[in-house]
Participant: 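I have a structure here, written as structure tokens, and I will follow up with some questions on it.
Because the structure is predicted, anything quoted here is derived from the model rather than measured. Basis for what follows: all heavy atoms, side chains included, without hydrogens, waters or symmetry-related copies.
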Amino acid sequence: MGYDDVITHLGEFGRYQKRIYLLLCLPAIVCAFHKLAGVFLLARPEFRCLLPHEDAATARFESLPRWQWPRAYPNDSVIGKPNTCVYYDLKYSPEYLEGNRTAASNASTVVCSSYVYDQSKYLNSAVTEWNMVCSRSLLSATSDSLFMVGVLLGSFFFGQLSDKLGRKPTFFAALVTQLVFGVVAGVAPEYFSYTISRLIVGATTSGVFLVAYVIAMEMVGATYRLFAGVTVQMFFSVGFMLTAGFAYFIHDWRWLQIAITLPGLLFMCYYWIVPESARWLLSKGRKDEAFVIIEKAARVNGVEIPSQIYAQLVDEAEEINRKNALAAAQPAASVFDLLRYPNLRRKTLLIFFDWFVNSGVYYGLSWNTNNLGGNQLLNFVISGAVEIPGYLLLLFTLNRWGRRTILCGTMLVAGASLLLTIVVPSDMNWLLIACAMIGKLAITSSYGTVYIFTAEQFPTVVRNVGLGASSMVARVGGILAPYLNLLGEIWRPLPLVICGALSLTAGLLSLLLPETLNKPMPETIADGENFGKKSKQTEEPRAEELHSMLNGKSTKEG
């Protein structure tokens, strides 16, 4: 009761909530800048070795016509193209380059020490500045990967901080840190400091985006939570597309990094506008501060809160404190509680795999736009734009067709469309892009569904633990995604094919999970174990075993 009654009397999505909600959606745009800008900051344009006869100060990528490349660079049998990481150890006279004679197949080669980059699409990037190509190509993928490590660490750190210190101070601590290290990344003198700065920025995206999301969701009524949660994700998609706008006008990677950071300054004014979460204040016994926020919302919405509601809030706050004290005396729930019983363990592992695939495929496709060919900026914009209908699909179908149907269906569509790229002719690049974008739309819908589906699968006593563990597994998928995209240099559709195979497998396995639409959410470990069992004769966990498990004792598997 308590605070939910307040929301009902205020209006589940009244004028006050709409105003604050909109403000809290905007930081998602800037977080998208940081998460997706690596596509341009670490862009890898075409390159070739600087040949001995060329002057580094004046040499250009196009100075050596492509028809002369076989005379300078040996053919790579794997990719079927000249290997521009090495060159033949020859005297490059005009007669040799212009003639018909090519180097012998057994001619010695020299590993490149200097490179010339194609500047027709990118003036420069961190890759071209620090020569992260050839034997150093893993460095760029590692930088993106460590950014996602930062996202993982930030979700733990800022999540704990927001529960202890409050949503509002955590939001501003993350925002200030993001501003500082976003600029530091733009002026970093070498790879190490750049990568560490980006790792810290990655951590702050969790603090800024997730904390703003929590504040927004805690002030919206249950009827509007699906709409509110999906709409926040749409703002992230808007930021996705706007990132390409920055890259279109700013061609120097350092200025680009600084440019995507500075909009965060606008959110500093939120300190005087956005309130602390009243739910959090009540949970900490700070009822007077919570009442001030509630009364202000009531004035803006033009309603009055009955006095008995405030009395209920006081009683609820005391009850919450009492339960928290009892919970603190009990052994903390852990992910092992989800793995102790066979049915619950099976569902947990399936959910973990769904999260891993959704995150890995989503970021793999988002960061793979440079490998698709054609206009790279246009590919990037389309990749962000298709997310909007992906989220709209959830609004109209999730409460009608069911969670499992949408999760399975969208992952199967993503898998099928991405696997179709195997048979796309090389001269039909538009079809390759179309298949990739259909896959992106579908995996976006799937990613949005898995959040809700997971929360409804896990029992209440371990729901937060389950969601946290699922999120951690998802980050592992995001951490591996940059390395997956390197395979596009071998064969352009290869990353898409791997993403498709994973999506198809996860979609089929999702059929093994029980539907949760209009079903009561499991409360206890026993409920979670029995939920979705096909056979009623399956032995239930004994009460004494569950009691022992919850008290941290070892038990047999039920």
Side-chain angles (χ1 to χ4, degrees), residues 2-4 6-35 151 154-155 158-159 161-163 165-175 178 204-240 263-264 266-284 289-290 292-294 296-298 300-301 387-388 391-392 394-395 398 447-449 451-452 454-455 463-464 467-468 471:
Y3 193 74
D4 289 328
V6 173
I7 295 294
T8 301
H9 282 85
L10 282 175
E12 290 192 294
F13 201 39
R15 185 185 307 166
Y16 179 81
Q17 290 103 310
K18 289 177 181 175
R19 181 188 304 169
I20 302 301
Y21 172 79
L22 177 60
L23 292 174
L24 290 171
C25 285
L26 296 178
I29 296 176
V30 174
C31 289
F33 292 165
H34 290 293
K35 282 193 172 183
V151 175
S155 64
F158 288 109
L161 205 63
S162 68
D163 285 337
L165 301 183
R167 317 308 194 205
K168 188 173 179 178
T170 301
F171 173 84
F172 285 102
L175 179 61
Q178 186 177 97
T204 63
T205 60
S206 294
V208 173
F209 178 72
L210 293 181
V211 174
Y213 178 85
V214 168
I215 298 175
M217 297 303 291
E218 287 182 341
M219 63 191 300
V220 174
T223 306
Y224 289 89
R225 281 177 192 156
L226 175 61
F227 168 81
V230 171
T231 302
V232 171
Q233 301 296 329
M234 290 185 186
F235 275 83
F236 185 90
S237 301
V238 171
F240 191 130
L266 299 174
F267 304 127
M268 296 301 295
C269 66
Y270 281 16
Y271 187 84
W272 296 276
I273 303 174
V274 175
E276 178 59 90
S277 168
R279 283 185 188 268
W280 180 83
L281 290 171
L282 289 169
S283 72
K284 297 299 180 181
E289 297 172 64
V292 170
I293 296 171
I294 293 169
K296 180 179 180 180
V300 174
N301 289 351
E387 293 188 3
I388 303 297
Y391 288 126
L392 288 175
L394 301 184
L395 290 177
L398 205 54
Y447 209 172
T449 303
Y451 277 88
I452 299 171
T454 299
R463 184 165 295 126
N464 284 341
L467 285 168
S471 179

Participant: Restricting to side chain to side chain contact (heavy atoms under 4.5 Å, CB included), what partner residues turn up for Leu226, sequence neighbours left out?
Facilitator: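 With neighbours one apart ignored, the set is Val230, Leu395, Leu398, Asn399, Ile452.
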
Participant: Taking side chain to side chain contact (heavy atoms under 4.5 Å, CB included) as the definition, give me every residue that meets it alongside Leu10, ordered by chain and number, with sequence neighbours left out.
Facilitator: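 Testing Leu10 for side chain to side chain contact (heavy atoms under 4.5 Å, CB included), a comparison that skips the adjacent residues, returns Val6, Gln17, Ala297, Ala298, Asn301, Val303, Ile305.
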
Participant: Kindly state each residue pair satisfying salt bridge (Lys or Arg N to Asp or Glu O under 4.0 Å) with at least one member in residues 21-33, sequence neighbours excluded.
Facilitator: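 Not a single pair qualifies under salt bridge (Lys or Arg N to Asp or Glu O under 4.0 Å).
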
Participant: Could you give all pairs that pass the side-chain hydrogen bond (donor to acceptor under 3.5 Å, both in side chains) test and reach residues 222-239, with sequence neighbours left out?
Facilitator: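 Pairs touching residues 222-239 that pass the test: Glu12-Thr223, Ser237-Glu387.
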
Participant: Which atom pairs, donor and acceptor, lie under 3.5 Å between side-chain atoms of residues 267-277 and protein residues at least two apart or in another chain?
Facilitator:
unit_1: Tyr270; atom_1: OH; unit_2: Leu23; atom_2: O; d: 2.5
unit_1: Glu276; atom_1: OE1; unit_2: Arg167; atom_2: N; d: 3.2
unit_1: Glu276; atom_1: OE1; unit_2: Lys168; atom_2: N; d: 3.2
unit_1: Glu276; atom_1: OE2; unit_2: Arg167; atom_2: N; d: 3.0
unit_1: Glu276; atom_1: OE2; unit_2: Lys168; atom_2: N; d: 3.4
unit_1: Ser277; atom_1: OG; unit_2: Glu218; atom_2: OE1; d: 2.4
unit_1: Ser277; atom_1: OG; unit_2: Arg279; atom_2: N; d: 3.4
unit_1: Ser277; atom_1: OG; unit_2: Trp280; atom_2: N; d: 3.3

Participant: Please list, chain by chain and in numerical order, all residues satisfying ring-ring contact (aromatic ring centres under 6.0 Å, His included) with Tyr447, sequence neighbours excluded.
Facilitator: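 ring-ring contact (aromatic ring centres under 6.0 Å, His included) check on Tyr447 returns Tyr362, Tyr451.
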
Participant: Can you list the residues that meet the side-chain hydrogen bond (donor to acceptor under 3.5 Å, both in side chains) rule with Thr204, with sequence neighbours excluded?
Facilitator: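 Gln178.
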
Participant: Applying salt bridge (Lys or Arg N to Asp or Glu O under 4.0 Å), which residue pairs with at least one partner in residues 26-35 are found, sequence neighbours left out?
Facilitator: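 Listed once each, the pairs would be none.
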
Participant: List in chain and number order the residues that pass ring-ring contact (aromatic ring centres under 6.0 Å, His included) with Tyr21, two or more places apart in sequence or in another chain; answer none if no residue qualifies.
Facilitator: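 Here the qualifying residues are Phe13.
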
Participant: Sort and list the pairs that fulfil salt bridge (Lys or Arg N to Asp or Glu O under 4.0 Å) and have at least one residue in residues 17-28, not counting sequence neighbours.
Facilitator: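 Found none.
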
Participant: Going by side-chain hydrogen bond (donor to acceptor under 3.5 Å, both in side chains), name the residues that satisfy it together with Ser162, two or more places apart in sequence or in a different chain.
Facilitator: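 Checked Ser162 against side-chain hydrogen bond (donor to acceptor under 3.5 Å, both in side chains); zero matches.
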
Participant: State, to 0.1 Å, how close Ala28 and Phe236 come at their nearest heavy-atom pair, and which atoms those are.
Facilitator: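 Nearest pair, atom of Ala28 first, then Phe236: O-CD1, 3.7 Å.
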
